[in-house]
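Data first, discussion second: the structure below is written as structure tokens.
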Amino acid sequence: SPSDLKQEGSSVRDLQVTASGGDVVLTWQDGDRPHRVIRATSRQELAHLGQIPGEMVRGERWVDSRSDGAAVVYYLVE
């Protein structure tokens, strides 16, 4: 669960966001601990990040391949 991640000290180091062929690639360094990646496309969603399920990721890389036409996309890795 997300609270378990926080208890494990889940902050990431050296977060980088790059664009690659229409995808957005997030990379970080912290070993192989699981993280939850949350993607929001509006300020309304930002106000309720705890209610967005996000995606569980193990490793140091996550790729956003969605092309939903959002002008701005916010990412949270926790």
Side-chain angles (χ1 to χ4, degrees):
S1 76
S3 61
D4 293 337
L5 293 176
K6 291 178 184 172
Q7 292 173 358
E8 293 174 8
S10 62
S11 62
V12 298
R13 294 188 329 264
D14 301 323
L15 177 65
Q16 296 185 17
V17 180
T18 56
S20 175
D23 293 342
V24 176
V25 180
L26 281 65
T27 57
W28 56 85
Q29 295 183 357
D30 78 337
D32 196 32
R33 292 193 314 244
H35 292 284
R36 181 171 71 135
V37 178
I38 299 172
R39 178 186 189 272
T41 58
S42 70
R43 291 182 358 173
Q44 291 81 9
E45 287 179 334
L46 283 177
H48 303 285
L49 285 178
Q51 297 173 355
I52 300 173
E55 184 176 330
M56 295 304 297
V57 178
R58 181 169 287 279
E60 300 179 329
R61 184 174 192 266
W62 182 77
V63 178
D64 182 3
S65 299
R66 287 179 259 182
S67 59
D68 56 10
V72 176
V73 180
Y74 305 91
Y75 298 99
L76 173 66
V77 179
E78 62 176 9

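Looking only at distances, no side-chain donor or acceptor of Ser20 sits under 3.5 Å from a matching main-chain atom of Asp23.
Taken from OG1 in Thr41 to CZ in Arg66, the straight-line distance is 9.0 Å, to the nearest 0.5 Å. In this structure, Gln29 CD and Gln16 CD are separated by 7.5 Å, a value rounded to the nearest 0.5 Å. Rounded to the nearest 0.5 Å, atoms CD (Glu78) and CZ (Arg36) are 4.0 Å apart.
Linking Ile, Leu, Val, Met, Phe, Trp and Tyr whenever their side-chain heavy atoms come within less than 4.5 Å puts Ile38 and Val72 in one cluster. Val17 and Val77 fall within a single hydrophobic cluster, where Ile, Leu, Val, Met, Phe, Trp and Tyr are joined by side-chain heavy atoms under 4.5 Å apart, directly or via other members. Linking ILVMFWY residues whenever their side-chain heavy atoms come closer than 4.5 Å, directly or via other members, places Leu76 and Tyr74 in the same cluster. Linking ILVMFWY side-chain heavy atoms closer than 4.5 Å, directly or via other members, places Val37 and Val73 in a single hydrophobic cluster.
Within the 4.5 Å cutoff, the side chain of Arg61 has heavy atoms near those of the Thr27 side chain. In this structure the side chain of Val24 reaches within 4.5 angstrom of the side chain of Tyr75, judged on heavy atoms.
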Would you give me the side-chain donor-acceptor pairs under 3.5 Å for residues 47-58, sequence neighbours excluded?
| unit_1 | atom_1 | unit_2 | atom_2 | d |
| --- | --- | --- | --- | --- |
| Glu55 | OE1 | Trp62 | NE1 | 3.2 |
| Glu55 | OE2 | Trp62 | NE1 | 3.3 |
| Arg58 | NH1 | Asp32 | O | 2.6 |

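Shortest non-hydrogen contact noted between His35 and Arg33 is CD2-O, 3.3 Å.
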